[in-house]
Number of protein chains: 2
Amino acid sequence: MNNVEILIVDDEVQIRKMLFITLQSNAYKVSEASNAKDAIIRAANHPPELILLDLGLPDENGHIVLQKLREWYTKPIIILSAHSSEEDIVKALDNGANDYLVKPFRTGELLARIRSVLRSSKLEDESPLLKFGDLDLDLSSRIVRKKEEVVKLTSTEYALFSLLCKNDGKVLTHHYLLKQIWGPSYVNESQYLRVFIAQLRKKIEDDPNRPTHIITESGVGYRFL
Amino acid sequence: MNNVEILIVDDEVQIRKMLFITLQSNAYKVSEASNAKDAIIRAANHPPELILLDLGLPDENGHIVLQKLREWYTKPIIILSAHSSEEDIVKALDNGANDYLVKPFRTGELLARIRSVLRSSKLEDESPLLKFGDLDLDLSSRIVRKKEEVVKLTSTEYALFSLLCKNDGKVLTHHYLLKQIWGPSYVNESQYLRVFIAQLRKKIEDDPNRPTHIITESGVGYRFL
DNA sequence: CCAAATCTTTATAAAATCTTTACAACTTTA
DNA sequence: TAAAGTTGTAAAGATTTTATAAAGATTTGG
């Protein structure tokens, strides 16, 4: 489950069911509405990341529903419609729809279009943040924190630290670390590693003499916890 | 003329001509490329607001062209293709295309889809006033203030400053900054960056010798706070 | 066209980082 | 537990990277 919620708005039960299964099996969180009124209430109460909107609703014209939603809802809306007339398509897009798919559509294409609009609507919300006890590593902004305090690392120290973090729990061999950080021709320069591990421990361990994060596996390599 | 520039990439002269007329009569500024190489050069030299990309180019596979563009080009790309297979559509959308239209398409729909992607791409970078301590940046009027006083920046200085502001907190690499500000062929001219960073610091830092806003990440790049 | 502004290039100083050395401390193994 | 092998640490030296000023080249605006 990637925690992205999608609201399906369609009056036909079979289509809702089909969409529900498709989306859920692709790790989306799904909610449903079968008419315009319900759709607007649900969207308002618990705004989803994306709305799939059928234009042919029983209680209100789909274009009106779209306009009402767009008065305040800024996230993507994809139209699903049985009508393929240019007039409908242009009107929907100009009313703020992000995409328009004509029924029947191919599920692969629907999923790709969902990924596409979600991608471009994604501002900066998710920065992959790794947490290890009192240590945080933000990969996108390249920031390491210890107890909320930013720790200043040189580029080599950061490369080593992030590599250890990305493989937390695993033992990384000297050979592997040297190859990844310094390159294949440095695989025998174990002393580099010792110097940099010591520097890292000084910066991130409470007591560098009794490390709890960077563990030595004698004769093999290091492990990050 | 609304000053929005669109780059048409298609090898067929008739289609280019048709698109040119359609777009120009709808107040877009239009440039053209008839092959992959030319397209990439044009997009790099003078990045348009949107690219219409035909997948069937003579000199290179369209999907590859799309990938190459997406390495650095962040604005919308709409694919125009004679192929309607689900495989092509999904692949293009997952490679970063914002929309996919199958030829022959209706011009009204094309224009509506152009408006749609331009609209959502505009939403992203519109946060009128950015504030960072004693610094203000108004993106729409291009005005920078330090303690209410307007700071006069040259266009290159402004480009650099606003790029840093828009990514505050993150480390931006030399490579990235050079590519964004000066273009892909300047990625090794690190000295430019040093000169302009120094000029910016003179203008916006209280003490340029002890910068608090533009932070050097040695060996990597710069970070704005 | 000229003058001012801006950008590019060069030179050099300063700072930060990396590499190497020497030796101390720890682990493993017999 | 002693010897051998491995790892840790500090600090000096070497190298790389960055900062800055200023001169030359180019562009821009009047």
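Residue numbering restarts at 1 for every chain, and letters A, B, ... go by the order of the sequence lines. Predicted, not measured: the structure shown is a model, and the values here were computed from it.
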Checklist entry - Can you tell me how far P of C:dC7 sits from CG of B:Leu153, to the nearest Å? => result 10 Å
Checklist entry - Taking all non-hydrogen atoms of both residues, which atom of A:Arg113 and which atom of B:Tyr100 are closest, and how far apart? => result NH2-O, 3.0 Å
Item to check | Spacing between B:Leu160 atom CG and C:dT8 atom P, to the nearest angstrom | outcome: 12 Å
Checklist entry - Any side-chain N or O of A:Ser155 less than 4.0 Å from the OP1 or OP2 oxygen of C:dC18? => result yes
Item to check | Ring geometry between A:His174 and A:Tyr222 (parallel below 30°, tilted from 30 to 60°, perpendicular above 60°) | outcome: perpendicular
Item to check | Rounded distance in Å - CD1 (A:Ile215) to C1' (C:dT27) | outcome: 15 Å
Checklist outcome for this item: In whole angstroms, the gap separating C1' of C:dT9 from CG of B:Leu193 amounts to 15 Å
Checklist entry - Are more than 12 heavy atoms from other residues, nucleotides or ligands located less than 6.0 Å from atom NZ of A:Lys68? => result no
Item to check | Interatomic distance, B:Glu157 CD vs C:dA5 P [rounded to whole Å] | outcome: 13 Å
Checklist entry - Looking just at side-chain N and O atoms, do B:Glu5 and B:Ser31 make a donor-acceptor pair shorter than 3.5 Å? => result yes
Checklist entry - How long is the line joining CG of B:Asn188 and P of C:dT8, in whole Å? => result 15 Å
Checklist entry - OP1 or OP2 of C:dC18 less than 4.0 angstrom from a side-chain nitrogen or oxygen of A:Trp182, does that happen here? => result no
Item to check | Nearest to side-chain heavy atoms of B:Tyr192, which nucleotide of C:dT17, C:dT8, C:dT6 | outcome: C:dT8
Checklist entry - Can we say A:Glu149 and A:Arg145 salt-bridge, meaning some charged N sits less than 4.0 Å from an Asp/Glu carboxylate O? => result no
Next on the checklist: With a cut-off of less than 4.0 Å, is there a side-chain N or O of A:Thr154 near OP1 or OP2 of C:dT17?
Outcome noted: no
Item to check | Per-nucleotide protein contact string for nucleotides 12-30 of chain D, where B marks a base within reach and S marks sugar-phosphate only (heavy atoms under 4.0 Å, - for neither) | outcome: -----SBBBS---------
Checklist entry - Tell me: CG of A:Leu200 to C1' of D:dT7, nearest whole Å? => result 16 Å
Checklist outcome for this item: Rounded to whole Å, NE2 of A:His175 lies from P of D:dT6 at a distance of 16 Å
Checklist entry - Using the C1' atoms of five pairs at each end, what's the angle between the two axes of the helix from C:dC1-D:dG30 to C:dA30-D:dT1, to 10 degrees? => result 40°
Checklist entry - Is there side-chain contact between B:Val144 and B:Leu137, with at least one heavy-atom pair below 4.5 Å? => result yes
Checklist entry - For B:His83, does the NE2 atom have more than 12 heavy-atom neighbours from other residues, nucleotides or ligands under 6.0 Å away? => result no
Checklist entry - Going by the angle between their ring planes, with limits at 30° and 60°, are A:Phe224 and A:His213 parallel, tilted or perpendicular? => result parallel
Checklist entry - Given side chains that start at C-beta, do those of B:Val9 and B:Asp54 come closer than 4.5 Å, heavy atoms only? => result no
